[in-house]
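Chain naming here is simple, since letters A, B, ... match the order of the sequence lines and numbering starts at 1 in each.
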Amino acid sequence: MTRSNTFTALRALVRKDLVLYFSNRRALIMTIAAPIVIAAFFGSLFGSGNRASRIPVALVDLDGSALSLQIAVGLHADAALDVRGMAEPAAVTAVGKGDVRAAIVLPAGFGTAAPRALLAGGSQPEIVIHFDPSQSVVLAMLEGLLAQHVMEVIGQSAFAGAGAPRADSPGTAAGSVTASPGAASGPRRGGAFSMPFSTKTLAATSAERPYNSYAHSFAGMSVQFILFMGIEVGVGVLLSRRLGLWKRLRAAPLSRGVLLGSHILSGALTALALLSIIYAAAMLVFRVRIDGSVAGFVGIAIAFALLASSFGLLIAALGKTPEATRGLAIFATLIMVMLGGAWVPSFVFPEWLQTASLVVPTRWAVDGLDAMTWRGLGWHAAIAPIGVLLAFSAFFAAIAIWRFDWEEPRS
Amino acid sequence: MLEAHGLCKSYVSRRVVSDLCLSVRAGEIVGLLGPNGAGKSTTVAMLCGLVAADRGEVIVGSGAASERLAEGAQEAKRRIGVVPQELSIYENLGAAANLELFGALYGMHGKRLHDRVAAALALVGLADRAGDKPSTFSGGMKRRLNIACALVHDPDILILDEPTVGVDPQSRHAIFDNLESLRRSGKALLYTTHYMEEAERLCDRIVIVDHGKVVASDTLAGLAKRLPSTQTLEVEVDGLVDLAALGALPGIGHPVQEGGRLRASVADLGRDAPGLLSAIAAGGHRISRVASARADLEDVFLSLTGRALRD
């Protein structure tokens, strides 16, 4: 073959590949759209232009003094916080459920003891912070903000009657406290202010075991990859159509319900088996535990398995070719998983997105599995996730049955 | 056993099948032939209950045991076995497991299912490969398994949609033997194909469809009669024969000579052939061999459906 002929052949082969690739418009759009959408999502979360979402925090004021009230006003006014006044048991429960990230408990007598501790080195009143252990970053931030507001109020209160501040100003003290409250709570040294309070942090998790960060990771990744399995169920139906198997199945004396129901059932059983194996590995290797209700966990697992399966059937009903459908379904799954908080905790989402993501079933699945594992909640906390997941399953299945093209391709 | 009356089917505004009637009796193989786009696949889909006809009906069985085929007509569907054109088998399930699955879809289980699986595998010559996956089979073996899957529930009627596409001659003949065996056992078979020699060999009657309508339905001999000539006579002779004189003989048409081989169409072999041979001999030519051939199905098919390409 001459060099010219080789070049002609090479050019033809390259041209063929380009034409084939760019003529598949669905795949092309997905290839372009997926990175744009996902990049836009993460960019909007972490970008400087984004208005950060306010951290939901419960405030329990057991003191009820003018000073504690001022602290509460300061915290309420903080743009970084969404402060909700609560009674202590409700606040602890809210942290455990993940409704708020932390609960600050101002103890009785705080208004009297704190200024005294600042100026005279008396015993420090202890502020208890119950926190969500999956979000320890929030705890550090909250401790800093709390110290800032408390010091501001106590400083004003203490120095309003004591004249001008001394050379080692409260601001300096607050700064050191924020960085290391434990170190700052030591004995008063000659002439210096003392830290007016100490903090005690309590992780809102099962009393028996410490928080296991793998638990949330396994919830998120299980949801993601079992939805991928659901995609394969749908693509399998499309492939069986292409191969004529669907024709043979439909020729049998079976109702539509049996045909589609078998796919939902087999898909759900597969999903359940996968979830069981994944969690067995999580328990054996990574010490993840179901600290909440086992029945609730099983219920959520079954409801999610049905969801994954009916999602697959929906794909089969709406898809055309297996290839194009797989790409579209993976994209949809990634979006759902992303919004469900499996990759990035949902609390870093903008407020509107946190609300919007409640209509994404993966959010309920991840939150539900979290609730039954490391959060250690009871079966009652599984009812809402199970209900929502079953409702989505029914919705997906109904659309699938409605849109399913029963007749064979025409000739 | 299987009767279709006045079947009509349209997609959007295009009529694909129009007032189509056909029947298949027990112990009979009926060939369904037609060019691409003639409406064969839609007809087959309606006969299998996969597509609902806009008008007309399909009756399965005869007499009191007959039933109109519809989506919910479980008993009617149970009496039909379908062999799709595609290889409709699960490649990663064993051969017997495939048959067990398709038998179970028809409500079979236990010993009866086991026996039927064994019988179907034996019929198609795959008994020794029962446990093997079709992914390890040759194309011909897969085709035979494809047929066995439609037979496992022992249907009265077998509808085969081009079951030998891409099959080597040995496997094709094995499939023919299987189908002839089924005919002998009293099954009714509807067979669609593009291969005329298959239809000629297998089919007792042939239905030719075009533009969604039946354009001919008869035995092969009956169809051949529709041609101007039904037989061709081929004679090996020495010397050049007077073709004009032969052409003038009654019942003889289009005599052609190529070297020592002379061919002419003969309207009636018994009546007209002796006159042709006598005329050749009377011209002083020695006849060394005489053979007759029937006008074949391809001639009939092309004469009825035309030679224009279909897409």
Q | Close side-chain approach of B:Phe102 and A:Leu245, heavy atoms under 4.5 Å | A | yes
**Q.** Neighbour count >12 (heavy atoms, 6.0 Å) for atom OH, A:Tyr214
**A.** no
Q: Answer yes or no: is there an ion pair linking A:Arg242 with B:Glu86, defined by an N-O contact shorter than 4.0 Å?
A: no
Q. Heavy-atom count around A:Phe395 CZ within 6.0 Å, excluding the residue itself: above 12?
A. no
Q. Out of B:Leu50, B:Ile89, B:Leu101, which one pairs with A:Arg248 under the side-chain contact (heavy atoms from CB on, under 4.5 Å) rule?
A. B:Ile89
(Q) Quick check: closest heavy atoms across B:Gln74 and A:Ser255, and the distance to 0.1 Å? (A) NE2-N, 4.4 Å
Q) Considering residues, nucleotides and ligands other than B:His114, do more than 12 of their heavy atoms fall under 6.0 Å from its NE2? A) no
Q: Measure B:Asn98 against the heavy atoms of chain A and call it side chain, backbone, both or neither at under 4.5 Å.
A: neither
Q. So what's closer than 4.5 Å to chain A heavy atoms on B:Ile80: side chain, backbone, both or neither?
A. neither
**Q.** Heavy-atom proximity to chain A below 4.5 Å, by part of B:Ala150
**A.** both
Q: Could you check A:Leu243 against B:Leu87 for side chain to side chain contact (heavy atoms under 4.5 Å, CB included), going step by step and ending with a plain yes or no?
A: CA-CA 7 Å; A:Leu243 296 174; B:Leu87 279 171; over 6 Å; no
